[in-house]
Amino acid sequence: MSSPTFQPFPDKWDMDSIVEHIIVHYRFIFVMFLLPVSCIYDLWFYTRSKIVFAMSSAPTKHKEKVADIQKQVREYQVNGKGKGMCTARPGWQTISPQNMEYKAKMYPINVNLVDVLDINTEKRTVRVEPLVTMGQLTATLDHLGWTIPIVPELDDLTIGGLVMGTGIETSSHRFGLFQHICRSYELVLADGSVVECSAQSDPDLFYSVPWSYGTLGFLASVEIDIIPSRRFVRLDYTPVYSLEQMIETFEREVERSDSANFVECLVYSREKAVVMTGNLVDCCEPGKLNEIGLWYKPWFFKHAQAFFDTGPRTEYIPLRQYYHRHSRSIFWEIQDIIPFGNNPVFRYLFGWLVPPKVSLLKLTQGKTLKRLYETKHMIQDMLIPLSELKSSIELFHREVEIYPIWLCPFKLPAHPGMLTSPSNKDEMFVDVGVYGVPKNERFDAEKTTRKIEEFVRNVSGFQMMYADSYMTRDEFRAMFDHSLYDRVREKLGCRGNFPEVYDKVNKKARAGKPLKELQYKIKKKFEKLVD
C-alpha cells in the first residue's frame, strides 16, 4: 500500500498519533523489525513440521485433535446460544486482506490441524490437515521426488483456504482449480459427527465443500493428488508490445493441444506484457540456470520486465523456486511496503529475511493504514471466460489502471457446485489478478468494485471470495450457483449453526450491517403499525 503524502512529523503529539504516524509514514522502518520475527517464526514452524513428519506422530495425533473439535462442537450445541460457529483462528493470521469482524460475534472452535499426515506413492496421494501451508507441503514433497499438480503461489496459503475458498496456478489450464486435484475431504459436521466424502461416496457433499468457506462443517483433512516432480522448469519469456499481440499470444499458448506445463502472463501496461510458458525437465542447458529464489536475486516481476529490452529468452529455474517465484515480493505488493527492497544492496544484506509475514503486516496496520487499504487499494481476482480477456483488460485499465496485472488460465470442468460452466461442458477461463494502488483518480472502492462485479456477472464469470465483495445477496446468488449448496446445508442442519457463505465474504455482511439495516426497517414498520 502506498503511503499518503509524506509528513516528517505527526499533526498531534499524543502517543496514539505518534505510533500511527510512524506506521503510516515510516512503515518500512517498522517492517524491518518484522522481518527477523517472520524469519524466526518460519524456522520454528518448518523445523517442527520436519520433526513431526519424520517421527510419524502426526496420524495418531490427528485422531486426538479431531476428537477435540468434535467435543467443542457438542459443547456448542449445549452452550452456544445459537451464535453460529467459526474457527478460533484470529482474522489477522489469515493471508486474506479481509477483516474478519464476524468472528467476534460467533462461537469459536479451536482447530489446531497443521500437519502433513501421509504420503501414499501407490495411490499417488498426500493427506494433509487444513492449516498445512503451500511452503510446508512443497518442502515435504520435493525432496521425496513428488509434487502436487497445482501449487498456488504464496508460501503461507493454507490447504483449508485453498479448498474452502479456491486456489489457482499456472498449471491450472491443464488441471483446473485446486479443488479439482482433491480426492476426498474429512469434515466435522454441525452435530459433532465426522464424515469423509469423495466424488464416489458422497458426491453432493464433495462438490459442495469448495467455495463454501467453512459454512458446511470444519475441514479436518484433505486427500490430494501427487505427481512425480522434475528438477527444473524450462521457462520461455516472450515480450509483446500491443494488446492484440498479447491476447493472440496468450490464447494460442493456452489452447494449443500440446500446451506447456505452465502458462502465465504479466501485463505491465495496456500495450505491453510478458507471456511465459514453462515445461518440466530434468536437465539444464549450460549457462541458462537462474536460481531466482536465492535471496539476492531481483524480484521475479522485475526480472521478467527486463525482457522488454533484451527480447525473448529461455531460462531454467529449479522447480520449487519456480513454484514460489512471486513469494518474496508478495507478487508486487512489497514494492509499496519496502520501496527500496529490490535495490541490490538491500537484497544482498537483507533479502534472506524477505518477505515479512502478511499476518504480521495485518496485525500492525493501525487504523489509518487499514482505512487506506480499504479505500485506496485494490486486491481482486476475477475469473473470466478466456473469450472475454480483451474486454477485461480494457475494463481494468479504464476503471483502476493498476499494473502489473496477473493473467493465469484455468480449465473449469463441468462439475456441480458453486462454480458451474455456463455451457455445461469444460470451458477455459482466465484469472485476472489486480493488486495495488489505482492510478485512476476517480477510483471509489465500493462503486468501482461494484461496476467490475457487474461486468463479471454479465460475462458469466466469478469473483474470488477472499477479497472485498460489494454484491447484494441476490447478485451474489446470480454469480454463484447455490442449488446444491442450499440442499446440502438443509440436509446437514447448518442453519443456525453456520452462517451462509455470503455472510462470511461480503464486506457489509461481515460487519453485520445488513442485519442492522433489517432491524432498523422492522423497527420503522412496527412504529407505523403502532401509529
Nearest 0.5 Å please: distance from the CD atom of E453 over to the CD atom of E475. 7.5 Å
To the nearest 0.5 Å, tell me how far M479 CE sits from N458 CG. 9.0 Å
R124 side-chain N/O to D225 backbone N/O, donor-acceptor pair under 3.5 Å: no
Among side-chain atoms of S483 and D481, is any donor-acceptor pair under 3.5 angstrom? yes
Do V267 and P404 have side chains that approach each other closer than 4.5 Å (heavy atoms only, starting at C-beta)? no
Under the criterion salt bridge (Lys or Arg N to Asp or Glu O under 4.0 Å), which of E169, E315, E291 is the partner of R325? E169
Would you say the side-chain atoms of Q380 pair up with the backbone N or O of V434, donor to acceptor, closer than 3.5 Å? no
When rounded to the nearest 0.5 angstrom, what is the spacing between CD1 in I227 and CG in L280? 6.5 Å
So do V128 and T140 actually touch side chain to side chain, heavy atoms under 4.5 Å? no
Quick one: closest heavy-atom pair of M378 and I452, and the distance? CE-CD1, 4.0 Å
Would you confirm whether the ring centroid of Y268 sits within less than 6.0 angstrom of the ring centroid of Y403? no
First locate atom CZ of F301, then atom CD1 of I334, and finally report the distance between them rounded to the nearest 0.5 Å. 9.0 Å
Check whether any side-chain N or O of S229 sits under 3.5 Å from a backbone N or O of G145 as a donor-acceptor pair, and report yes or no. yes
Let me see the working for F300 and S329 under side-chain contact (heavy atoms from CB on, under 4.5 Å), right down to the final yes or no. CA-CA 8 Å; F300 183 77; S329 58; 5.6 Å; no
Between P318 and L289, which heavy-atom pair has the shortest distance, and what is it? CD-CD1, 3.9 Å
Give a yes or no on whether the backbone of L243 and the side-chain of E271 come within a donor-acceptor separation of less than 3.5 Å. yes
Side-chain H-bond candidate by donor/acceptor type, N261 with S171, under 3.5 Å: no
Does V240 form a side-chain contact (heavy atoms from CB on, under 4.5 Å) with E248? I'd like the steps, not just the answer. CA-CA 10 Å; V240 293; E248 179 188 353; over 6 Å; no
Could you check if a side-chain atom of L419 sits within less than 4.5 angstrom of a side-chain atom of L177, using non-hydrogen atoms only? yes
Side-chain donor-acceptor contact under 3.5 Å, T277 with E253: no
Verify, without hydrogens or angle tests, whether N440 (side chain) and E399 (backbone) share a donor-acceptor contact under 3.5 angstrom. yes
So F262 and Y322, would you call those rings parallel, tilted or perpendicular, with 30° and 60° as cut-offs? tilted
Closest heavy-atom pair, F429 versus P385, reported as atoms and distance to 0.1 Å, is CD2-N, 3.5 Å
Is the distance between the ring centroids of F206 and H415 less than 6.0 Å? no
Taking all non-hydrogen atoms of both residues into account, name the closest pair between S469 and N506 and its distance. O-ND2, 3.2 Å
With R473 as the cation and F476 as the aromatic partner, state whether NZ or CZ is under 6.0 Å from the six-membered ring centre and within 45° of the axis. no
R183 (side chain) donor-acceptor with E223 (main chain) under 3.5 angstrom: no
Knowing that exactly one of F480, F178, Y466 qualifies, which makes a ring-ring contact (aromatic ring centres under 6.0 Å, His included) with W211? F480
Close side-chain approach of M382 to S392, heavy-atom, < 4.5 Å: no
Check the pair V263, L407 against side-chain contact (heavy atoms from CB on, under 4.5 Å), reporting the backbone distance first and the verdict last. CA-CA 9 Å; V263 178; L407 301 183; over 6 Å; no
Pick out which of Q136, H324, H326 makes a side-chain hydrogen bond (donor to acceptor under 3.5 Å, both in side chains) with D155. H324
Looking only at heavy atoms, the pair that brings G433 and D381 closest together is CA-OD2, 3.5 Å
Go through the steps for F410 and T166 under the test side-chain contact (heavy atoms from CB on, under 4.5 Å), then give the verdict. CA-CA 12 Å; F410 73 95; T166 194; over 6 Å; no
With a cut-off of 6.0 Å (strictly less than), are more than 12 heavy atoms of other residues, nucleotides or ligands near CZ of R231? no
Main-chain N/O of R174 paired with K411 side-chain donor or acceptor, under 3.5 Å: yes
Does R347 reach the main-chain N or O of Y296 with its side chain, forming a donor-acceptor pair under 3.5 Å? yes
Is any side-chain heavy atom of E454 closer than 4.5 Å to a side-chain heavy atom of M471? no
Could you state the interatomic distance from CG (L154) to OG1 (T133), rounded to the nearest 0.5 Å? 11.0 Å
Tell me, do L383 and M464 make a side-chain contact under 4.5 Å, heavy atoms counted? yes
Determine the minimum heavy-atom distance between P422 and S460, stating which atoms define it. CG-CB, 3.5 Å
Rounded to the nearest 0.5 Å, what separates atom CE in M428 from atom OG in S387? 12.0 Å
Short N-O contact, R270 and E401, less than 4.0 angstrom: no
Less than 4.5 Å apart, any side-chain heavy atom of R234 and any of E285? yes
Can you say whether the rings of F346 and F350 are parallel (under 30°), tilted (30 to 60°) or perpendicular (over 60°)? tilted
Short question: side chain of Q305, backbone of V274 - any donor-acceptor pair under 3.5 Å? no
Check whether any side-chain heavy atom of E446 lies under 4.5 Å from a side-chain heavy atom of K507, and answer yes or no. no
For Y323 and T147, test the side chains for any donor-to-acceptor distance below 3.5 angstrom and give the result as yes or no. yes
Using only atom types and a distance under 3.5 Å, with no angle test, would you say the side chain of W299 pairs donor to acceptor with the backbone of R328? no
Can a side-chain donor-acceptor contact be found between E264 and T170 if the only test is distance below 3.5 angstrom? no
